[in-house]
Amino acid sequence: NNDLCLSLSGSGLSADVTLAITAEFPIEDTGYMEEDFDFCINEGLNLVSYPCENDIAINDALPSEISNNLSSIVGEGVAGVNVNGTWVGSLTQLQAGSGYWFKSSIEACFNYECAEN
């Protein structure tokens with residue numbers, strides 16, 4: 001059984017919630033993204049994680065077919081706007097372990113280019 005049952009209560013209210021786990025995970029899951037993991041985005045806003053270990057310039061971290069079709073990227077306290085292929089603003093690099101809102105004009109899947117130390 002892959003169901004997770006939770007009981008929530010507070011302020012005189014209570015609820016029982018059941019979550020069904022539908023994704024299959026390898027037995028020896030390390031908690032890290034596998035190499036060549038596909039990140040898929042839709043047209044519009046997408047919340048995407050950046051799992052690489054190093055901070056990397058946006059145009060180096062993303063395939064050109066993705067970065068060319070992003071109009072903006074917003075992170076915690078930082079933002080960048082794509083002006084004809086150049087990222088302008090306080091965000092010019094993706095930071096290790098961070099998450100970002102990508103505003104995309106296309107639907108596509110991609111892999112990050114993670115630089116080695």
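Remember, it's a predicted structure, so these values are computed and weren't measured experimentally.
Here Val74 is tied into one hydrophobic group with Leu45, Leu47, Trp101, each link being a pair of ILVMFWY side chains closer than 4.5 Å.
Distance check: Asp38 CG to Asn111 CG gives 5.0 Å after rounding to the nearest 0.5 Å. One finds the OG atom of Ser72 at 6.0 Å from the NZ atom of Lys103 (value rounded to the nearest 0.5 Å). Here Ile58 contributes atom CD1 and Gln93 contributes atom CD; the two are 8.5 Å apart, rounded to the nearest 0.5 Å. Note that CG of Leu94 is 12.5 Å distant from CD of Glu113, once rounded to the nearest 0.5 Å.
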Only distances under 3.5 Å count here; give the side-chain donor-acceptor pairs of residues 79-87 to other protein atoms, sequence neighbours excluded, each with its distance to 0.1 Å.
| from | atom 1 | to | atom 2 | distance (Å) |
| --- | --- | --- | --- | --- |
| Asn82 | OD1 | Gly85 | N | 2.8 |
| Asn82 | ND2 | Ser67 | O | 2.8 |
| Asn82 | ND2 | Leu70 | O | 3.0 |
| Trp87 | NE1 | Asn59 | OD1 | 3.1 |

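Between Gly77 and Ser90, the closest heavy-atom pair is O-OG, 4.3 Å. Nearest heavy-atom pair, Ser104 versus Asn46, reported as atom, atom and distance to 0.1 Å: CB-ND2, 4.1 Å.
At most 12 heavy atoms of other shown residues, nucleotides or ligands fall within 6.0 angstrom of atom CD in Glu76.
Side-chain N or O atoms of Asn68 include one that pairs as donor or acceptor with a backbone N or O of Ser64 at under 3.5 Å. The closest donor-acceptor contact from the side chain of Ser49 to the backbone of Pro51 lies at 3.5 Å or more, if one exists at all. Judged by distance alone, the side chain of Asp55 and the main-chain N or O of Ala96 form a donor-acceptor pair under 3.5 Å.
With sequence neighbours excluded, the residues satisfying side chain to side chain contact (heavy atoms under 4.5 Å, CB included) with Ser98 are Gln95, Tyr100.
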Side chain to side chain contact (heavy atoms under 4.5 Å, CB included) between Phe102 and Leu62, worked out
CA-CA 12 Å; Phe102 285 9; Leu62 295 169; 4.1 Å; yes
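Taking the six-membered ring where tryptophan is involved, the planes of Tyr112 and Tyr50 are perpendicular, since the angle between them exceeds 60° and thus also 30°.
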